[in-house]
Each structure stands twice: as structure tokens, then as C-alpha cells.
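Written below as C-alpha cells is the structure these notes are about.
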Amino acid sequence: MPDVGPTAVLPSRPLTVGEVLDSAVLLLRQHARVLIPAGVVLAAAEQLLLYPLRIAAGARPPGFAFRLEQLAPYWLLLAVGAATEAMIVLLLGNPAARAAGAALLGRAARPGELLRPAGARYGATVALALLAGAAMVVLALLGPGWLVGWALLGSVASALVVDRVTAPRAPLRAAALALRAGCRAAAVRLLGYLAWWIVRVGLALGGFYGLRALGVLDLSDPAWAAPVAGILWGAVNAVAYPALACLDAVLHLEGRMRTEGLDIRLSRAPAGRTEPALLAADR
């Protein structure tokens with residue numbers, strides 16, 4: 001069994017909220033070679049998608065604040081942004097979940113293992129990401145409803161690739177785990193999002209105004225300001241999205257230990273069982 005001391009990436013016991021957040025950061029550090037490059041690609045694609053919507057909404061860089069007279073297109077921009085965030089974190093949750101599963105069993109997954117198609121269920125992951133994106137667009141258009149969607153969908157990738165449930169069951173299992181123990185996982189996921197949102201805003205705005213103060217570029221010109229702000233937001237998100245995916249993976253396994261006794265099951269597992277069999281949810 002893995003070490004349960006303070007140096008363990010994911011101790012095999014129920015964790016405090018602080019330990020969950022620490023484990024997510026440790027997991028990201030351990031697998032940054034895979035997760036950060038994937039985050040760069042997906043965050044760049046998101047910025048390319050959002051760029052014309054920001055122009056149409058008249059959103060002003062670097063924070064892309066809205067103008068009241070263009071509230072409708074800006075609302076659509078927010079909804080699409082909420083959807084792309086959910087989709088990217090779910091896609092990154094696939095390798096993050098497999099990395100967390102290996103960490104729970106006391107080893108560090110190799111980079112090739114996280115990218116290997118065998119057992120990854122990439123097709124189902126993409127389909128569920130598209131479904132989650134569509135749901136988030138609708139919920140975001142309704143206002144604060146996107147918070148509910150964000151809180152409930154964190155375990156979708158982990159349910160799919162670690163628990164090995166069917167694709168139709170994965171969102172239902174994710175929601176069920178999020179609501180257990182007084183909605184603990186849902187609340188921690190929202191807390192993690194808020195913490196990283198503050199970090200993202202601080203770094204993106206700080207980088208923009210720092211460049212402007214240095215006079216590196218004429219950032220008073222919208223032709224430069226918008227793409228530069230997009231690059232900065234993409235760079236920050238390239239780290240934040242993998243971090244949120246790692247948080248989801250840790251929360252999922254911690255929730256199973258807390259409410260399903262996964263840690264006890266692992267301690268009593270007979271020798272010779274494969275990792276997928278050890279971590280798969282009971283059918």
C-alpha cells in the first residue's frame with residue numbers, strides 16, 4: 001500500500017480540504033510534462049474561439065469587461081466561456097484521473113502511460129465533454145445555474161476512466177459523488193475554482209499592465225491589446241486548467257474513500273489483481 005505520510009501525492013485515507021488541495025498541486029507537479037502541454041494546446045484553442053466573440057461583444061481587454069449596451073452578445077460570450085472551461089477541464093481530467101489512480105496505489109504513472117490509448121476511452125471522454133459543454137452553455141445562459149453544473153460535473157472523467165462505468169452513467173455517478181457527505185465535493189470544487197479564478201485574474205491583469213508599464217508594446221491600441229491579453233489569459237489557463245483537472249481527480253478518489261471505503265477495499269485486496277480491477281467501482 002502507498003505511504004500515508006505527508007510526502008504521499010495521494011494518501012490512502014479520507015483527507016481534509018487542505019490536504020485535497022495540496023494533493024492536487026502535488027499531482028500536477030508530478031505530471032506537469034504531460035498535463036501542461038495539453039493545457040497549452042486546449043487553452044490556445046479556447047482563446048482562438050473566444051476572440052471573435054469578444055470582438056462582437058465589444059469586450060475591453062485586458063479583463064474583457066462588458067458594455068451595458070452590448071449585454072446580449074457579452075452574455076453569450078460568458079456562456080461559451082463557461083462551456084469551454086468545463087470541456088477543457090473534463091478532457092484534461094482523463095489523464096489526470098489515471099495519474100491519480102496510480103498515485104493512490106503508490107506509484108507515479110509514466111508520461112507514455114497517461115497518453116496511451118489503451119483503456120483511455122478517449123471517444124467517450126470527447127463525447128461527454130461535448131455534452132458537458134452543451135449543458136454548461138444552457139445553464140450559463142440562465143445565469144448562476146452554471147455554478148450548479150460546475151459543482152456536479154467534476155467526477156465525469158474519473159468515473160469513466162477509473163471507475164470504468166459506462167458513458168451514460170458517468171455524469172450520474174459524478175453528480176451522486178458530488179452530493180454525498182453534505183455536498184462536500186461540490187463545495188470543494190467551487191472553492192478550487194474560486195481560488196484559481198483569483199490567481200488567473202491576478203496573473204493575467206498583472207502581466208498585461210506590467211507589459212504596458214514597460215512600454216514593450218503599445219497596449220493602448222486595441223489591435224495589440226486584445227491579442228496580447230488573449231495570449232496572457234491562455235498562458236495562465238494552461239496551468240489553471242490542468243490544476244483544476246487534478247483537483248477533480250483527487251476529489252473523486254477521496255470521495256470514494258470517504259463514502260465508499262475505497263481505502264479499506266484496497267487494503268484488503270488480494271494480491272495479483274490489476275490496477276483497473278482494484279479501482280473500478282462496484283457494478
Side-chain angles (χ1 to χ4, degrees), residues 1-32 35 86 89-90 92-109 114 125 148-165 169-196 240-269 275-282:
M1 293 303 300
D3 176 24
V4 296
T7 60
V9 172
L10 181 53
S12 57
R13 56 176 171 79
L15 307 176
T16 66
V17 173
E19 288 174 327
V20 167
L21 299 175
D22 288 343
S23 288
V25 173
L26 289 174
L27 187 67
L28 175 61
R29 289 179 57 187
Q30 188 175 72
H31 298 284
L35 296 175
V89 173
L90 197 157
L92 293 171
N94 185 306
R98 285 181 284 156
L104 182 61
L105 296 176
R107 67 180 189 86
L114 299 184
T125 302
V148 177
W150 182 268
L152 297 183
L153 294 176
S155 287
V156 171
S158 296
L160 187 68
V161 300
V162 176
D163 295 1
R164 313 302 297 178
V165 303
R169 280 192 58 201
L172 299 177
R173 177 158 174 77
L177 285 169
L179 295 174
R180 289 179 185 172
C183 301
R184 182 177 184 272
V188 175
R189 193 178 196 229
L190 290 174
L191 174 64
Y193 181 88
L194 176 61
W196 274 103
Y241 290 159
L244 290 170
C246 288
L247 175 61
D248 287 343
V250 170
L251 265 177
H252 177 83
L253 291 173
E254 195 276 339
R256 287 188 59 190
M257 287 188 284
R258 181 175 296 273
T259 65
E260 296 180 353
L262 177 61
D263 51 333
I264 299 173
R265 172 182 167 181
L266 293 177
S267 67
R268 296 176 178 176
E275 286 190 13
L278 283 171
L279 296 174
D282 295 330

Check for a donor-acceptor pair, side chain of [X] on one end and backbone N or O of [Y] on the other, with a separation under 3.5 Å.
X: E19; Y: T16; value: yes
X: R256; Y: L177; value: no
X: S23; Y: V9; value: yes
X: R98; Y: L114; value: yes

To the closest 0.5 Å, what do you measure between [atom1] ([X]) and [atom2] ([Y])?
X: I264; Y: M257; atom1: CD1; atom2: CE; result: 11.0 Å
X: S155; Y: L160; atom1: OG; atom2: CG; result: 12.0 Å
X: Y193; Y: L244; atom1: OH; atom2: CG; result: 8.0 Å
X: R258; Y: L251; atom1: CZ; atom2: CG; result: 10.0 Å
X: L266; Y: L279; atom1: CG; atom2: CG; result: 6.0 Å
X: T125; Y: L92; atom1: OG1; atom2: CG; result: 11.0 Å

* **R180 with E254: basic N within carboxylate O range, under 4.0 Å** => no

* Asked: Among L90, N94, V89, which residue meets the side-chain contact (heavy atoms from CB on, under 4.5 Å) test with V156?
  -> L90

* Member of L27, L15, L26 meeting the side-chain contact (heavy atoms from CB on, under 4.5 Å) criterion with L10 -> L15

* **Within 6.0 angstrom of R29 CZ, more than 12 heavy atoms from elsewhere** => no

* To do: Answer with yes or no whether the side chains of H252 and S158 bring together a donor and an acceptor at under 3.5 Å.
  => no

* Asked: Is it the case that S12 and D263 place a side-chain donor and acceptor less than 3.5 Å from each other?
  -> no

Identify the heavy atoms of [X] and [Y] that sit nearest to each other, and give their distance.
X: P242; Y: L28; answer: CB-CD1, 3.7 Å
X: A178; Y: A151; answer: CB-O, 3.6 Å
X: A249; Y: A100; answer: CB-CB, 3.7 Å
X: R265; Y: A277; answer: NH2-O, 3.2 Å
X: W196; Y: A243; answer: CZ2-CB, 3.3 Å
X: R164; Y: A280; answer: CG-CB, 4.1 Å

* To do: With the side chain counted from C-beta on, respond yes when L262 and L104 share a heavy-atom pair under 4.5 Å apart, and no when they do not.
  => yes

* Asked: Are the side chains of L35 and P95 in touch, meaning some heavy atoms are under 4.5 Å apart?
  -> yes

* To do: Check side-chain contact (heavy atoms from CB on, under 4.5 Å) between V17 and all other residues, then give those that pass, not counting sequence neighbours.
  => L21, R184, V188, L191

